[in-house]
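Throughout, a chain's letter reflects where its sequence line sits, starting with A, and its residues are numbered from 1.
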Amino acid sequence: MEWNKRILIGTIGYHNLSNHSVAPFLFEKIKALPWAQHVTVEEFNWGPIAIVQWFQALEQSFDRVILFTAISREERQIGELTIFKWGGRTPSPEEIQARIGDAVTGVISPENLLVIGEHFGIWPKELYLVDVEPGPEKAGPELTTEVGERVMEYFDTLHKVCQFGEQSDEKFAILYGDQMPV
Amino acid sequence: MCFKNLPIEFDEQGNAFLKEGVANPYEYKVVELDKEQDKLKELMVKNGYIKNIDYDPVTRVAGALAFHSVVDLEKKKVLSTNSMATLFRGYEIILKGRDPRDAAYISSRACGVCGGVHATTSAQAIEMAVGIKPPPLGIALRNILLAIEYLYDHPLHLFLLAGPDYSEDLVKETNPELISKAETTATKFENVHGYKTILDIMKDLNPLKGRLYLEALEMTRVAREAYVVIGGKYPHPQSVVPGGLSVTVDITTLNEVYTRLIKFFDYGQKVCGIWDDIFDFFLEQDPAYADSGRRPATMADTGVWDRPDVYDATYENCEKWGEARWATPGIVVDGEVVTTSLQQINAGMEEFVEHSYYEKWDGHRFTHDPLGTPLSPHHPWNKETIPKPGKQSWKDRYSWDTSPTWDRMPMEAGAYARLYITAKAQKLPKSEFLESTGHSLKIRVPAHRLPEAEMEWNVPEKWNTFERNRARAYCIPYSAAVAMENWMIAQSLLREGKTEVSTKYEIPKTGTHIGFGAWGAGRGFLTHHLVIENGVIGNYQIITPSTLNAAPRTPWGTPGPYEEAVMNTPLLENFEKPEDYKGIDILRAIRSFDPCMPCTTHIMSKNEKHVVTREVTTCACGVE
């Protein structure tokens, strides 16, 4: 356990969109888990620029950031979890501008946050994206069974990544800012 | 008499009535668009320089806008235009049948930028419908919040969305001949912004790295902070409620707002200096730029910022409290103010769907407003939202936006309309900071780090791309001045012990109650029309600034404001081969309206299972 590291877990997503809202849905529960004192859990359901400015205003920066969200990806089962380690890199300036354009007009998006955060240099060396496969978009305050029954697994994964980073026994894929779908 | 096209006349006492002897007073002729489209097709076949140029999506705007144009790249002329809102906005349907008390919270979500203005407009609609008014401090605080919201919005547009169009990076690509001239052209307002040459400004307008771009991002943060000190949360405040605000405010709160507000005194002077310099430079280099985005100054604005001692939320007095606002409501037709009466503005509104993905509705339930003025069956109180997704066709339907008109004319909306009408109408209340002269608006900007200054925005001779943005820049010191004026009122009220910020109310459980909220979004004109039936929302209709600006053609073929502005835009971009054409002039013209499509269009939630679907028909490929 790396006791001297300041660690942040941020939940991202719109409310009320069933599995797509898994992160805001579980926010209170994640916050209530028994974390060490150096772990902070924050809700990041804001435009990415507001989040960037939140980071810029920190008196003491974080050593490890873990973002928890839901993203539709090909070839995953509903409820499946993937852990990505952020590899950095930014897309073209035009794409960054487009993502900033989205961000300042209030769009909540983990992909935009990753890229814009990279552009403004807010990320620590260790940044992880933990994302759940939500399946088809639908409205409603509940999670489907596929996601609901794996909640404990998500908590366990967040604990492991939080405690050990890439030294944990989880599998990590690398995510680069210039290889994300717009 | 303000109406020229609608058959409404007024007697000597000012009472409105329908013109006698007109069999079907609200009839209109639908003009088929087939011939125009067939002619264009023919031209494209004959002439290799005439091309379809589609912008899908139009970038650096908020939300889903696509734009189709047919352009003659040899004569450098735009031949045809179509503005497409590519997503459906379902708020009218989402709100139907709900408790009216939910409306402010739900309608706030119509936009990620303007949540506060939608919440406030909704609150006003309910105030009118149920007959309550907020206490004076509630009104003053609401004014401060809304002025601050604009202080977030305007820098965002000027430097992050439209600004890059005038940056060194972009001008170098599209009009390199201007760069060398910019390098040797001295600025006129170095004393407020510190830049010696136009090129120095253009360099700092460069996206992502330019200092002006980054400073604007920082200023949006200052405005957001000021907002949440009172409102608690932004962009979707939970504290804006019918009857006022649900917050506790003291002198310390106001002082915290003040420390942020004063930054906009200097920033307002700087921003106006920057854009005066940039736009004067373009217009001096090539007078043809004055035709970019040109259309008659035909605009609508609902006005904003209520006087705490005048606003009573009643329809009966809406003309009085509307005209007492710090931004005067009004309609301008070709540069002339034809009315400043909120009642007449409301009575003249209609919405048409002939070129939109909606079914027409039957019925004419509200034939007159509460004061007896005739209302059209196309008026928002009578309108029903019936989505009808379908094939995109320039001859038929091509947008999820409707075609709103006032007195059967498409109207332009914007922060600039607020400035324009206020400057022309000369109805401003006595103010320490503002003076309306009939041809200009004078703004006294208090000192901060820069000395106090009297700024003056003059009504321009031609209405175009550059003047829209220039006026928007002046809306920064204007909004800051109104915020300051209301801050002083709020201080006085607190000192007098008048600390109430809200009025209790009950939603009547029986009967029909109607109201409308008329307030300004950052981008201008905003109305929410509400019908309460037996305690629940029977009908809810929202008209946003981009509903007006992005409108498709009217049934009788008049283009919407974007469409008209682009049609008149000369292509001044420097290119040799058609494949090098980037379309900067068209994009500048569209962006000058500050398009904000989230509140014009939205995702659709249909059937009882609430399946969220997206009916997106954005691709213009293969469109008729």
Sequence neighbours excluded, the answer for side-chain contact (heavy atoms from CB on, under 4.5 Å) partners of Arg89(A) is Tyr176(A), Asp178(A), Gln179(A)
Report yes or no: is the cationic atom of Arg588(B) (NZ for Lys, CZ for Arg) under 6.0 Å from the centre of the six-membered ring of Tyr166(B), at an angle within 45° of the ring normal?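 The answer is yes, since Arg588(B) meets both limits relative to Tyr166(B).
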What residue, out of His236(B), Lys209(B), Arg224(B), has the most heavy-atom pairs lying under 4.5 Å from chain A?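 Answer, by heavy-atom pair count under 4.5 Å with chain A: Arg224(B).
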Per-residue contacts, residues 51-60 of chain A versus chain B, heavy atoms under 4.5 Å: Gln53(A), Ala57(A)
Glu126(A): which of Arg6(A), Lys5(A), Lys85(A) passes salt bridge (Lys or Arg N to Asp or Glu O under 4.0 Å):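 That would be Lys5(A).
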Quick one: are Leu146(B) and Glu149(B) in side-chain contact, heavy atoms under 4.5 Å? yes
Heavy-atom distances under 4.5 Å only: say whether Leu217(B) touches chain A with side chain, backbone, both or neither.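 Both backbone and side chain.
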Quick check: closest heavy atoms across Tyr213(B) and Leu160(B), and the distance to 0.1 Å? O-CD1, 3.6 Å
Hey, is Arg150(A) close enough to Glu146(A) for a salt bridge, meaning N to O under 4.0 Å? no
In terms of heavy-atom pairs under 4.5 Å with chain B, which of Ile49(A), Ile96(A), Val104(A), Ile100(A) leads? Val104(A)
For Pro235(B), is there any backbone N or O sitting under 3.5 Å from a side-chain donor or acceptor partner on Tyr227(B)?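 No, because the side chain of Tyr227(B) does not come within donor-acceptor range (under 3.5 Å) of the backbone of Pro235(B).
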